[in-house]
Amino acid sequence: MENKAFWKQVLQEIEPLIKRALLITWFKCTTVLGRNDGTLIVGVPRTFFLDWHLENSQDLILETAQKIDATIKKIIFQVDGSLENPDDPRVVNVLNLFPEKKKAVRKLPNRQEVRMVGGVTSKILNPKYTLDNFVVGQQNRLAHAACSAVSSRPGENYNPLFVYGGVGLGKTHLLQATGNKILQNYNKKVIVYATSETFTNEVIEAIQKRKMKQFRDQYRKVDVLMIDDIQFIANKDRTQEEFFHTFNTLYEEGKQIIISSDRPPKELDILEERLRSRFEWGMMADVQMPDYETRLAILLDKVKDYEAFINPKVLDYIALNVQNSVRELEGVLMQVIAQYELEHITPNLKSVQRILKNVVQEKKMIGFESNEPTLSVKTMKEVVQIVAEHYHVRSEEVIGPMRQREYMIPRQVAMYIAKTYLSKSLKAIGDFFGGRDHTSVMHAVKKMTLAVQNDRQLLRDINGLKREMGY
Ligand code: ADP
Ligand code: MG
């Protein structure tokens, strides 16, 4: 088998075993550079990929490769910068190989996804949204409870269910989660989730193709109709008209209707009055920005999905400061995780402040000390203080003679930083650290230089400290 096809097969086999984000991050621009004498040569585009692969993927790749070609005995990784170009003919594009499952695709009941009643219908919903992974707080409790009630008995009580609230506060999540749950409870129900834009486009298409009757018949076979962001059908008279009729038919037959909007029905003033009043027949529930405690709970929940250790202080800081939307909250967390995963930086308050500045107005940032540019740390005393704080020990312990590991590591880190970033002489460093000999400083610096190449946690710590010190 040719190398590229071989690699494609390996990737396909490991895809279910590895998180999507990791797969895309670490396997894009990879390939097989050669196979001979039982050695598989895997090409990666950059040196910093090596660490990750050696630590995380080596065994998995070997095992998988052996399944396909039993003669393979070992793997070596080789860096080849030219692989960085995703158009490189040797590279398998993982993004094409595993395209992201689209949320909310078009779904007329006669389209493939819905026509086959049963489990297949769930294709229209994104399984990542569930009622269980929606973190409930005071500001979204009612909406969540209404969705849960609807999911156990669609069409019975809260009908229509109208969920409203600002951008990024969980409306789409709730709608999709409700759909997923209904499918779990009643796998024969036909569920249609559409944004109001999709609905509008379908109306237009039906008009153009003169298939209005077919369009109506299809929508009327639905058991649960969800229209997300209904505010966009305002001003579109023909769409409103169609929707009104669909609504009435479904409603009369006891089918469930769930609608979301960025504002309550009475403020949808560009909507026809008859539609607006129908929305008020059932249950209305709003979602608002969750309070600080709930925001923190959301962060803790999401961080569990990543094998990243993020300091609770950092999460707390994000929860305090991001006050506009849950989407923003998630966005900041993703950037923090990227810092950790890709830049090898242990996120700390300083590095997170930098991210938050793009989201929160600086004036409004809680716990942000000053607007002045951060000055680089200049003295060894400061270096020791910052390092000591990071490792939860005291400055005297970092400087002093104790040889326990918990002091040795911070001491060596502080010496390394003083040498590398403050450009202090070995002698000056030795003097500061309790009159040590310059050779012992040299030893520490060498040891750290080597260690950061193999120890990713140490590398992250040092990178984080470096940032904190303004380097
Ligand atoms: P909207 O549709 O209201 O604009 P979304 O439903 O798209 O907002 O939510 C934005 C993001 O925030 C989604 O990734 C969603 O999973 C997440 N989210 C919102 N609220 C919560 C919550 N209470 N618990 C967990 N995740 C949430
Ligand atoms: Mg939405």
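Order of appearance sets the numbers: ligands from 1, and atoms from 1 within every ligand.
- Remark: K4 engages no residue in a salt bridge (charged side-chain N to carboxylate O under 4.0 Å, His left out) (not counting sequence neighbours).
- Counting heavy atoms under 4.0 Å from ligand 1, residue K128 does not touch it at all.
- For residues 147-176, the set of pairs meeting the salt bridge (Lys or Arg N to Asp or Glu O under 4.0 Å) definition, not counting sequence neighbours, comprises R153-E156.
- Contacts between I298 and ligand 1 below 4.0 angstrom, taking non-hydrogen atoms only, involve the side chain exclusively.
- Only protein N, O or S atoms were considered, and those under 2.8 Å from the Mg ion (ligand 2) are T172 OG1.
- Less than 4.0 angstrom separates some heavy atom of G166 from each of these atoms of ligand 1: 3 (O).
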**OP:** Begin from the C-alpha positions of R238 and T200 and carry the test side-chain hydrogen bond (donor to acceptor under 3.5 Å, both in side chains) through to its verdict.
**Re:** CA-CA 9 Å; R238 185 66 197 269; T200 306; over 6 Å; no
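- Per-residue contacts place Y129 under 4.0 angstrom from the following atoms of ligand 1 (heavy atoms of the residue considered): 16 (O).
- Scanning for salt bridge (charged side-chain N to carboxylate O under 4.0 Å, His left out) contacts around E13 gives K67, with sequence neighbours left out.
- Residue contacts with ligand 1 do not include P290, since none of its heavy atoms lies under 4.0 Å from the ligand.
- Ligand 1 places these atoms under 4.0 Å from at least one heavy atom of F134: 20 (N), 21 (C), 22 (C), 23 (N), 24 (N).
- Separation of the H53 and F27 ring centroids falls under the 6.0 Å cut-off.
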